[in-house]
Amino acid sequence: MSMQQEQHNQVDADEIREKYDRESNQRTNIGKWAWIVAFLGISLTIFHLYTGYFGVIQTQKQGAIHLGTALGLIFLLFPAKKGLHKIQKGIPWYDVILAFVSIYVAYHKIFFYDALRDARIQGYTEFDFLVSVLGVLLLLEATRRAVGLPIVIVAGAAILYTLYGNVIPTQVLSHPGFDLDRIMNQLWFEDSGVFGTPIKISAKFIFLFLFFGVMLIHTNIGKFFNDLAFALTGRYTGGTAKAAVSASALQGMVSGSSVGNTVASGSFTIPMMKRAGFKPEFAAATEASASTGGQIMPPLMGAAAFIMMEYIGVSFSTIMLAALIPAILYFTGILIGTHFEAKKLGILGLPKDQVPSFRKLMKKQGYLLLPLVIIVGTIVVGFTPQRAALMGIFSAFLVSLIRKETRMSIKQTIKVLEEGARVALPVIAAVATAGIIAGVVSMTGLGNKFADAIIALSNGILPLALIFTMLACIVLGMGLPTTANYVVTATVAAPALINNFGLEPIAVHMFVFYFGIVADITPPVCLAAYAGAGIANANPFRSGTTAVKLAIAAFIIPYIFVTQPILLWVDVEPLALGMAIATALIGMIAISSSLIGHFSAASKVWERFILFAGGMMMIIPETITNIVGLVLIVGVWLLQRSRRKHKDQDHDGVAAAQA
């Protein structure tokens with residue numbers, strides 16, 4: 001590829017990222033305010049490194065510094081309207097004022113910490129009320145700029161519900177209603193609102209792991225992941241698509257952003273898949289579905305996984321272990337789909353001279369995996385997540401020193417410290433705004449009301465309750481970031497399933513986590529698929545529907561592990577677990593082949609139905625259904641094999657007659 005083509009592709013990738021990824025709309029031309037932004041960003045990163053090593057300070061103070069500094073940076077970096085960052089020079093005076101006011105209203109909790117603690121009993125002052133109103137309004141505006149409008153609408157509706165719940169003419173949703181001063185003071189100053197569990201976890205764990213991802217990127221690990229993926233899968237049938245899936249799975253662990261990962265990886269992998277012969281929609285869908293799955297791929301996963309750890313009350317190693325088998329099934333399903341599509345189109349692997357040598361690659365750059373190994377090892381042996389993150393950050397820095405091209409100067413180190421804060425801004429805003437929604441649930445008892453509604457709608461039937469919960473997660477996920485979506489559904493929907501149906505807490509929380517994530521590839525609002533379609537010049541809706549076919553495991557497996565949590569390592573018996581994994585994999589092969597339309601040969605419509613039914617029976621971990629499913633799948637395979645054999649014989653006979 002020529003230099004001009006590479007530059008053109010980069011421009012396209014940047015434009016697509018700005019269009020579909022709100023996080024990328026930061027000002028670049030900030031003039032004299034650059035040193036203030038740098039100071040705040042570097043200070044925020046150093047603060048978290050310091051507290052990560054020496055211990056977190058009082059959680060309300062930690063959260064105030066975490067959120068207040070982030071809000072200030074958002075107003076300095078994100079313009080009021082999308083696209084203004086391209087034409088504005090410097091930072092408007094009103095954004096400077098908003099930045100410093102937002103810093104103050106959060107730091108107010110530190111300046112008057114003792115008085116505010118006593119005010120919980122004695123009552124808050126009028127000035128405290130003014131601060132709380134400004135704090136909530138500024139948070140919502142900052143979130144609108146950095147994350148988008150949908151989450152702000154949901155949070156705003158939650159506040160209005162708290163204020164006017166007494167006028168709702170229904171027994172299910174109505175509540176007495178609360179005064180505005182009580183609502184705002186509780187949301188801003190109490191532990192159950194903005195500064196509740198989500199922001200505590202963000203300040204304690206999430207920031208450090210996001211910074212760890214930034215450190216890994218500066219070691220060129222992204223390019224190494226691409227080369228490693230091609231070395232492992234490039235020479236096999238449909239090698240470019242399989243390499244794209246593998247590379248996106250690896251990079252998704254680090255980035256945690258469906259759209260960002262789709263654009264970053266897709267600008268390289270999608271053109272390669274198209275050149276190999278895959279249709280544009282399929283290339284876009286492959287990249288989008290694989291990139292979206294990065295958030296469920298251990299060891300890092302998405303930011304919501306750390307909040308899940310706190311909500312359930314388990315270690316992060318337990319979360320990683322529970323996510324492992326479903327993640328393997330998810331990516332296996334996508335790989336199988338690309339394999340059958342390649343078989344159908346006759347797309348072979350890459351020539352040997354175009355595929356990197358795995359042995360040479362690992363010998364030369366295998367050390368880049370060391371930080372990930374250290375993260376996993378330290379968590380597994382029992383270190384706290386923040387200590388594991390610190391050790392990962394330190395090892396990533398040491399790794400960057402090995403080669404000249406990744407070795408950071410003092411100036412580059414300072415830039416990385418600032419970038420660590422910039423990357424975290426949308427996550428901090430989303431988590432804090434999700435805290436508003438969680439606070440409303442706590443104040444109004446909305447969780448219990450939602451539970452009653454689910455039971456009433458489903459008539460106490462578990463599959464229906466799961467379907468309604470899934471739909472709620474997907475709809476919310478179309479407007480909310482994954483982390484905020486998880487906070488809302490874990491607060492409102494998860495207790496309904498746990499308390500009324502006696503399901504395992506970790507299974508239910510993984511269930512809502514999964515369906516919040518797949519919203520990024522579920523039409524009509526499938527941002528990751530739209531981003532991939534933009535790179536591939538493909539139809540966005542078709543790309544989304546194809547992505548759903550490839551990622552079908554994400555829509556099926558959660559129903560299995562929520563009722564049979566052995567796949568999450570709950571009450572594990574080795575033989576039973578091995579059988580469950582084996583049958584699930586066979587089932588995914590059958591389901592993927594039915595959706596693609598090719599198994600041993602091109603499938604007829606009725607064969608596709610049988611393969612899908614057989615695959616579903618194999619995924620359900622029951623002996624009888626497994627036997628029936630296996631018989632159906634093998635029967636179709638033998639039938640297609642026989643049909644293909646006769647076709648080949650007829651073809652050979654015609655060729656001999658012509659000769």
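Between Phe209 and Pro385, some side-chain heavy-atom pair lies under the 4.5 Å cut-off. Leu550 places a side-chain heavy atom less than 4.5 Å from the side chain of Thr286. Two residues are said to be in side-chain contact when any heavy atoms from C-beta on lie closer than 4.5 Å; Thr45 and Phe207 meet this criterion. Side-chain contact check for Val548 versus Pro523: some heavy-atom pair is nearer than 4.5 Å. Put simply, the side chain of Leu585 does not reach to within 4.5 Å of the side chain of Ile589, judged on heavy atoms. The closest side-chain heavy-atom distance from Ser248 to Ser265 is below 4.5 Å. Taking the side chain as every heavy atom from C-beta outward, Pro371 and Met215 never approach each other to under 4.5 Å. For the pair Phe555 and Thr522, the minimum side-chain heavy-atom distance is below 4.5 Å.
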For this session: Apply side chain to side chain donor-acceptor pair (under 3.5 Å) to His509 and Tyr486, showing your working.
Result: CA-CA 8 Å; His509 282 263; Tyr486 169 72; 2.7 Å; yes

For this session: Determine, stepwise, if the pair Thr143 / Thr433 fulfils side chain to side chain donor-acceptor pair (under 3.5 Å).
Result: CA-CA 7 Å; Thr143 304; Thr433 303; 2.6 Å; yes

Exercise. Please walk me through it: do Glu419 and His218 pass side chain to side chain donor-acceptor pair (under 3.5 Å)?
Worked result: CA-CA 11 Å; Glu419 186 180 339; His218 281 268; 3.0 Å; yes

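The backbone N or O of Met618 lies less than 3.5 Å from a partner atom in the side chain of Asn626, making a donor-acceptor pair.
Here the closest non-hydrogen pair linking Tyr330 and Ser289 is OH-O, 2.5 Å. Smallest separation of non-hydrogen atoms from Ala327 and Met297: CB-SD, 3.9 Å. Of all heavy-atom pairs spanning Glu287 and Ala244, the tightest one is OE1-CB, 4.0 Å. Contact record, Ile454 with Ala496: CD1-CB, 4.1 Å, taken as the closest heavy-atom pair. For Gly615 against Ala590, the heavy-atom pair with the smallest separation is CA-CB, 3.8 Å. The shortest heavy-atom contact between Pro426 and Val147 is O-CG2, 3.4 Å.
Among the candidates Leu567, Val572, Ile566, the single residue satisfying the side-chain contact (heavy atoms from CB on, under 4.5 Å) test with Trp569 is Val572. Test Leu471, Ile151, Asn485 against Leu476 for side-chain contact (heavy atoms from CB on, under 4.5 Å) and you get one pass: Asn485.
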N/O donor to acceptor pairs below 3.5 angstrom from side-chain atoms of residues 302-315, sequence neighbours left out:
| unit_1 | atom_1 | unit_2 | atom_2 | d |
| --- | --- | --- | --- | --- |
| Ser315 | OG | Ser317 | OG | 2.9 |
| Ser315 | OG | Thr318 | N | 3.3 |
| Ser315 | OG | Thr318 | OG1 | 2.9 |

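Between Tyr559 and Phe511, the distance separating the two ring centers is shorter than 6.0 angstrom.
Applying the salt bridge (charged side-chain N to carboxylate O under 4.0 Å, His left out) test to residues at least two apart or on different chains, none of the pairs has a partner in residues 544-568.
With sequence neighbours excluded, the residues forming a side-chain hydrogen bond (donor to acceptor under 3.5 Å, both in side chains) with Ser202 are His66, listed by chain and number.
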